[in-house]
Structures are given as structure tokens and as C-alpha cells.
Amino acid sequence: MSEKVRTRFAPSPTGYMHIGNLRSALYGYLFAVKNGGDFILRIEDTDQNRYVDGAVQIIYDTLADAGITYSEGPDKGGDYGPYMQSERKEIYMEYAKKLIEKGAAYYCFCTPERLASMKDTSVSDSNGVTRYDKHCLSLTQEEIEANLKAGIPFVIRQNIPAEGKGTYEDMVFGEVSVDYKDMEDGILIKSDGMPTYNFANVVDDHLMRINYVIRGVEYLSSTPKYNLMYDAFGWERPHYMHLSPVMKDAQHKLSKRNGDASYQDLVAKGYVKEAILNYIALLGWAPKDNSEKMTLAEMAEKFSVDGLSKSPSIYDEAKLRWLSGEYMKDMSEDEFLRRAEPFFAKTEAYGKYDLNLLCKLLKTRIETFGDIPEKISFLESFGPFAPSLYDNKKQKCNADAARTILPKLRLAMEGWDDYSNAALYEKLVAFAAENGVKNGQVLWCLRIAITGTAVTPGGASEMAELLGKERTLARLDQAIAWLA
RNA sequence: GGCUCCUUGGUCAAGAGGUUAAGACAUCGCCCUUUCACGGCGGCAACAUGGGUUCAAUUCCCGUAGGAGUCACCA
């Protein structure tokens with residue numbers, strides 16, 4: 001690799017950034033960084049019918065948020081722009097004409113009607129698949145010029161050889177070979193003058209000096225067509241790295257259409273964003289040393305093509321949850337609070353409790369920030385609950401025990417002033433000893449009494465500290481009343 | 001259906017002729033423990049299938065099955 005590596009991410013602005021999309025971007029970025037190369041962004045918006053408002057912005061925002069930086073792009077400029085395909089219309093037409101001169105492409109004036117009729121009649125191969133019959137390839141120069149002059153709508157098609165096969169070496173799949181007879185003379189320039197992806201990607205990748213083309217497997221078998229064009233132009237073919245897809249299950253690709261998670265959905269759901277990126281990197285790729293939790297820089301350092309898998313990978317949110325939780329545990333208290341606060345802000349309890357304490361309690365108990373509301377719902381909803389909640393065999397606790405312990409405890413706790421966890425715990429244990437009952441009994445009864453919940457993000461003393469003296473006593477009164 | 005490609009536990013995946021076939025998630029159990037978590041320890045669980053090649057195939061070749069992609073004036 002003497003030449004400087006240049007890779008690109010070339011999404012079309014049709015909506016959200018899918019996990020698979022982001023992963024392609026990530027791999028292109030990692031490969032470039034690993035090899036000291038450039039990573040650029042190009043927007044493929046040649047299909048005005050599919051253009052979605054705001055989609056370009058989503059692409060910028062997502063990449064920025066994920067930390068995938070590019071040195072050239074529509075919003076950053078660069079030496080090989082414009083980086084928005086719709087702004088390169090003339091360039092494509094110019095190159096298409098060059099291809100016509102070389103005999104690698106030709107004008108086609110066939111009407112949609114004629115094309116449709118081909119499907120109805122028997123102009124199809126033995127498999128029943130209709131392919132363009134190269135009808136316009138036999139037009140004379142005079143006929144072509146006359147048609148052009150008459151303003152008859154046209155399209156430019158690639159002239160694919162009738163025989164032979166296109167072979168190339170893919171970096172992940174190895175040798176890929178496709179017979180030319182199985183390829184159609186695809187449209188390069190549409191009747192609106194815009195290029196199709198099949199043509200634009202070749203011209204742009206060459207003009208932008210992209211030497212490593214990293215994209216989804218959907219292009220694996222059409223790549224020989226592109227190579228035909230590189231060859232016709234006399235351009236050097238790039239290296240190709242095709243990526244297997246991310247699946248929702250064994251037979252369905254992940255897609256926004258099915259309501260599957262996009263990057264922004266996952267962020268909104270409270271997953272740690274570094275974990276999202278880390279996880280999708282692991283979907284279809286494994287570093288040599290099998291590391292799992294890695295920073296972006298570490299991923300770039302460890303990135304290697306032979307770690308890429310050839311088969312589709314199924315997206316598993318359970319593992320993403322786990323990774324997200326791991327990132328949380330490694331966060332500093334401040335960092336955790338900073339990121340968690342927006343999620344606390346959406347709850348009723350926000351502002352009424354010690355946020356630092358809440359964060360400390362929740363940090364090892366949640367995996368996404370979205371878990372927060374449910375974990376702290378007991379703070380705001382406290383109502384009559386079943387006495388059976390006091391039942392706990394291991395702690396030798398039940399409603400009867402609660403009925404005898406709680407009133408005494410209520411009295412004692414009224415006299416305590418230090419409601420810090422440590423002080424409370426010490427006094428609660430002392431209380432148990434004085435009354436000749438097990439620690440667990442006192443602790444369990446108290447926790448249930450003041451939270452009304454079987455599972456809480458902390459023990460009795462921690463919950464009492466969180467609630468504070470006033471609320472603790474008030475809840476104790478209510479709990480005692482509900483037991484009567 | 002044709003073509004291109006793929007196939008290790010439920011999932012992500014190491015391994016590339018000879019291994020007790022890693023590890024992680026999930027799951028189950030135990031320990032720790034003021035519930036739940038965290039942490040620690042352990043269990044269950046895989047080379048799709050049939051033929052070759054070879055002293056030896058999960059690993060190489062062929063077939064079969066299953067899966068993915070593609071066959072647009074979409075990318």
C-alpha cells in the first residue's frame with residue numbers, strides 16, 4: 001500500500017441511518033485511520049424521487065455524534081468536490097459520452113412502452129428473465145444524431161460484452177467471477193440526465209481518488225460491471241471490500257421499515273453511544289485478540305480485513321444492552337450523572353431527590369438510561385400494597401413480623417437524625433440486636449414498608465437515605481396503617 | 001427460477017488438516033450480600049448434510065439442504 005488509502009462512505013439521503021449503514025461507515029473510517037488514509041463522505045442523491053427532507057442532516061449529525069470524522073464532504077469541502085452527486089450532473093454526462101466514444105456505452109431511445117412489451121412477449125432468456133435486447137446498439141450514427149436533434153428522450157446504457165466473464169479479487173470474499181452474459185446493459189444515465197448509482201459510483205470513486213471501495217454485499221456481483229467501465233476508461237480499478245449484512249433474524253435484514261432500531265433510536269432509548277458503535281463494530285468483525293470493549297481508537301488500531309465475516313450477522317440487542325451497561329460501570333460518577341440527567345429530567349421524581357445519590361445507586365443496576373424511570377418509579381408512586389410483599393423465607397420475614405417490628409422501628413427512627421446510609425445501617429443493626437430479631441428481618445421489613453416494592457435499587461438504609469427522614473417516617477406510618 | 005456468495009452452541013464469534021473446538025452475550029446453578037444488582041465461581045450448549053482427497057478432516061474438493069444478495073430510468 002504505497003499509495004495513500006482513501007475510503008468513502010456514500011449514503012443516499014433516504015431517511016434514518018440504519019445500524020448496517022453506520023457499520024459500513026465505521027469500517028470505512030477504521031480502515032482509513034488504521035492505514036493513515038483519508039475517509040470522505042459523499043452524498044448519493046441522484047434519485048430525486050427518494051430524497052427525504054432532512055436526511056442529509058441526519059447523516060451529518062449521526063456521524064458527528066458517533067465520532068466518525070471525515071476530512072472531505074459536502075459540509076467540509078475538499079479538493080475533489082462537489083461531494084453531493086446532484087451537483088455533479090454535468091460531470092457524469094461528460095464521462096458517459098467518453099464511454100460512448102470508446103464503445104463501452106450507447107444511446108438508447110427505446111420507449112417505456114417498448115421496454116414493457118419486451119416483458120410481455122417472449123424476448124426473454126431461458127429463465128424467463130427479460131433483459132434489454134441491445135436494440136439501440138445497432139442504430140447508425142445518423143439515426144442517433146437525428147433522434148438527438150429531434151429531442152427524443154434518451155438514456156445511456158452500458159455496452160456489456162456478450163461473452164467472457166468479469167473476475168476480481170474481493171478483500172473479504174476472495175475471487176468473485178460473473179459471466180457477462182448474465183448481465184444486462186444497464187442504464188448509466190437516466191432520461192432526466194441524472195446518472196444511476198451504477199455509473200456515478202465509478203466516476204466519483206475514480207475522480208475522488210478512492211482506492212478502497214468499502215460497501216455492502218449487494219454490490220458484490222455487480223462489481224464486474226463497474227470494472228468494465230474502469231477498464232474502458234483506462235482507470236485503475238480500486239480494491240473492493242464487500243460487507244455482509246446485519247440481520248434482524250435469520251432471514252430478514254434490519255430495516256427502518258420494520259421499525260428496527262436506528263442509531264438515533266438507540267441513543268434515544270438511552271444506550272451509551274460508544275457502546276452502540278462498539279457493538280455494531282463487533283457485528284461481522286472480530287479483532288485478532290478478541291477484545292470486545294474497545295474505544296474508537298482501539299478499534300482503528302486493531303482493525304483488519306481478515307477479521308471480517310462473510311456471512312450475515314444477526315443483531316442481538318441483549319448483547320448491546322450488556323455492553324452499554326459495561327460502559328456505564330466504567331464511567332466516572334460525573335460523567336454518568338451528566339448523561340443520565342436528561343432521563344431523570346423526564347421523570348416526576350426529578351429535582352426532589354439527591355441526584356448524585358440516585359446515580360450512585362443506579363450505575364450498576366441499569367444498562368441503558370432508558371431503564372431509569374422504571375427503576376425509580378417507587379419514588380413517586382406509593383400506595384397500598386399487598387401484605388404478602390413482606391414475605392421472605394430467607395429473611396424470616398412476613399406481614400406478622402412487620403406488624404410487630406414496624407411500629408417499634410417507627411418510634412426509634414423518629415429519634416434518629418443522621419439519615420446517611422452508614423449511620424442508618426449501624427442503627428438498624430443495633431435496633432435488631434436490642435429487639436432480639438435478625439438483621440435481615442428489620443432491613444427487609446423497612447425496605448418494603450418505605451418503598452412498597454419488591455425490587456429496589458438499593459437496600460433498606462440506602463432507600464431511607466434517599467427518601468430522607470421526613471418521607472421515610474411518613475411512609476412508615478402509611479405502611480403500618482395498611483397492615484392493620 | 002438464473003447468477004454471485006455464505007454455513008462453528010440460541011446470538012456474536014476464535015480456530016484453517018492432528019485442539020479436551022477458545023472467548024463473549026443469553027441461560028441455569030452456587031458464593032458474596034440489607035432486596036435487586038455488581039463481583040467471583042461453575043454448568044448446559046456448536047463444526048448443516050452426503051460423498052470424496054488424506055495416515056488424519058470442523059478445516060481442502062464436489063454434491064445436497066438451508067440462508068443471503070442480485071436480476072429497476074433504487075441505491
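Proteins come first, then strands; the chains are lettered A, B, ... in the order of their sequence lines, and each starts at number 1.
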message: Over all strands shown, is A:Tyr279 touching base, sugar-phosphate only, or nothing at heavy-atom distances under 4.0 angstrom?
response: nothing
task: Name the nucleic acid region contacted by A:Ser461, choosing base, sugar-phosphate or nothing; use a 4.0 angstrom heavy-atom cut-off, strictly under.
output: base
task: For A:Tyr16, enumerate each residue passing the side-chain hydrogen bond (donor to acceptor under 3.5 Å, both in side chains) test, keeping only those at least two apart in sequence or located in another chain.
output: none
task: For A:Asp371, answer base if it contacts any base atom (sugar-phosphate contacts may also be present), sugar-phosphate if it contacts only those atoms, and nothing otherwise; contact means non-hydrogen atoms under 4.0 Å.
output: nothing
query: Can you tell which of B:rA14, B:rG67, B:rC74 lies closest to the side chain of A:Thr196?
result: B:rC74
query: Heavy atoms under 4.0 Å, any strand shown: does A:Glu426 hit a base, just sugar-phosphate, or nothing?
result: nothing
task: Would you mind classifying the nucleic acid contact of A:Ser191 as base, sugar-phosphate or nothing, using non-hydrogen atoms under 4.0 angstrom?
output: base
message: Across nucleotides 35-45 of chain B, 5' to 3', mark each nucleotide with B, S or - according to how protein heavy atoms within less than 4.0 Å reach it.
response: BBBS-------
- request: Look at the side-chain N and O atoms of A:Ser313 and state whether any lies under 4.0 Å from the OP1 or OP2 oxygen of B:rA13.
  value: yes
query: Taking atom types as they are modelled, is there a donor-acceptor pair under 3.5 Å from the base of B:rU7 to the side chain of A:Ser311?
result: no
task: Please determine, for B:rU70, whether a Watson-Crick or G-U wobble partner exists with both distances under 3.5 Å, and give it or none.
output: B:rG2
task: Please work out if A:Asp47 contacts a base, only the sugar-phosphate, or nothing of the nucleic acid, heavy-atom cut-off 4.0 Å.
output: sugar-phosphate
- prompt: So does A:Tyr197 get a side-chain nitrogen or oxygen closer than 4.0 Å to the phosphate oxygens (OP1/OP2) of B:rC74?
  reply: no
- prompt: When all nucleic acid strands are considered with a 4.0 Å heavy-atom cut-off, which category describes A:Ile187: base, sugar-phosphate, or nothing?
  reply: base
message: With rounding to the closest Å, how many angstrom separate the P atoms on B:rC73 and B:rA46?
response: 49 Å
A:Ile314 side chain, from C-beta outward: closest of B:rA75, B:rC5, B:rU11: B:rU11
statement: Residues of residues 315-325 of chain A with a heavy atom under 4.0 Å from any atom of RNA chain B, listed by number, are A:Asp316, A:Ala318, A:Lys319, A:Trp322
- request: Measure centre to centre between the rings of A:Phe9 and A:Tyr70, then say whether the value is under 6.0 Å.
  value: no
- prompt: Is A:Met194 touching bases, backbone alone, or none of the nucleic acid, heavy atoms closer than 4.0 Å?
  reply: nothing
field: Out of B:rA14, B:rC12, B:rC3, whichever nucleotide has its closest atom nearest the side chain of A:Asp182
entry: B:rC3
task: Could you check A:Tyr390 against A:Trp444 for ring pair (Phe, Tyr, Trp, His ring centres under 6.0 Å), going step by step and ending with a plain yes or no?
output: CA-CA 7 Å; A:Tyr390 287 103; A:Trp444 180 271; 8.9 Å; no
statement: Of the listed B:rU34, B:rA75, B:rU7, the closest approach to the A:Thr46 side chain comes from B:rA75
query: Looking at the rings of A:Tyr27 and A:Phe303, which for Trp means the six-membered one, are their centres under 6.0 Å apart?
result: yes
statement: Among the nucleotides B:rC6, B:rC71, B:rU34, whichever has the atom closest to the side chain of A:Lys310 is B:rC6
- prompt: When you measure from the side chain of A:Pro245, which nucleotide among B:rA75, B:rA68, B:rC12 comes out closest?
  reply: B:rA68
- line: Re B:rU58: Watson-Crick or G-U wobble partner, both distances kept under 3.5 Å, found to be none
- prompt: Which part of the nucleic acid, if any, lies within contact of A:Ser244, taking any heavy atom under 4.0 Å across all strands shown: a base, the sugar-phosphate backbone alone, or nothing?
  reply: nothing
statement: Regarding the side chain of A:Arg50, the nearest nucleotide among B:rG67, B:rA75, B:rU34 is B:rA75
Span that lies between the C1' atom of B:rA21 and that of B:rU64, in whole angstrom: 26 Å
- request: Identify the residue among A:Tyr95, A:Tyr107, A:Tyr106 that makes a side-chain contact (heavy atoms from CB on, under 4.5 Å) with A:Ile100.
  value: A:Tyr107
- request: Please work out if A:Val178 contacts a base, only the sugar-phosphate, or nothing of the nucleic acid, heavy-atom cut-off 4.0 Å.
  value: sugar-phosphate
- line: Per atom distances to the A:Pro312 side chain, the nearest of B:rC73, B:rA68, B:rG69 is B:rA68
- request: Measure from the ring center of A:Trp322 to the ring center of A:Tyr279 and say whether it is less than 6.0 Å.
  value: no
query: Between B:rA72, B:rC6, B:rA75, which one does the side chain of A:Glu184 approach most closely?
result: B:rA72
- prompt: Checking all strands, does A:Gly216 fall into the base, sugar-phosphate, or nothing category for heavy-atom contacts under 4.0 angstrom?
  reply: nothing
Full working for side-chain contact (heavy atoms from CB on, under 4.5 Å) between A:Thr347 and A:Ile376: CA-CA 9 Å; A:Thr347 67; A:Ile376 65 170; 3.8 Å; yes
query: OP1 or OP2 of B:rA24 sitting under 4.0 Å from any side-chain N/O of A:Lys293?
result: no
- request: Go ahead and name the base partner of B:rU7; Watson-Crick or wobble counts if both distances stay under 3.5 Å, otherwise write none.
  value: B:rA65
- request: Among the candidates B:rA75, B:rU34, B:rG67, find the nucleotide nearest to the side-chain atoms of A:Glu218.
  value: B:rA75
message: Against A:Met463, only a single residue in A:Leu361, A:Ile448, A:Thr453 fulfils side-chain contact (heavy atoms from CB on, under 4.5 Å); can you say which?
response: A:Leu361
message: Looking only at the side chains, is there a donor atom on one of A:Gln48 and A:Asp192 sitting less than 3.5 Å from an acceptor on the other?
response: yes
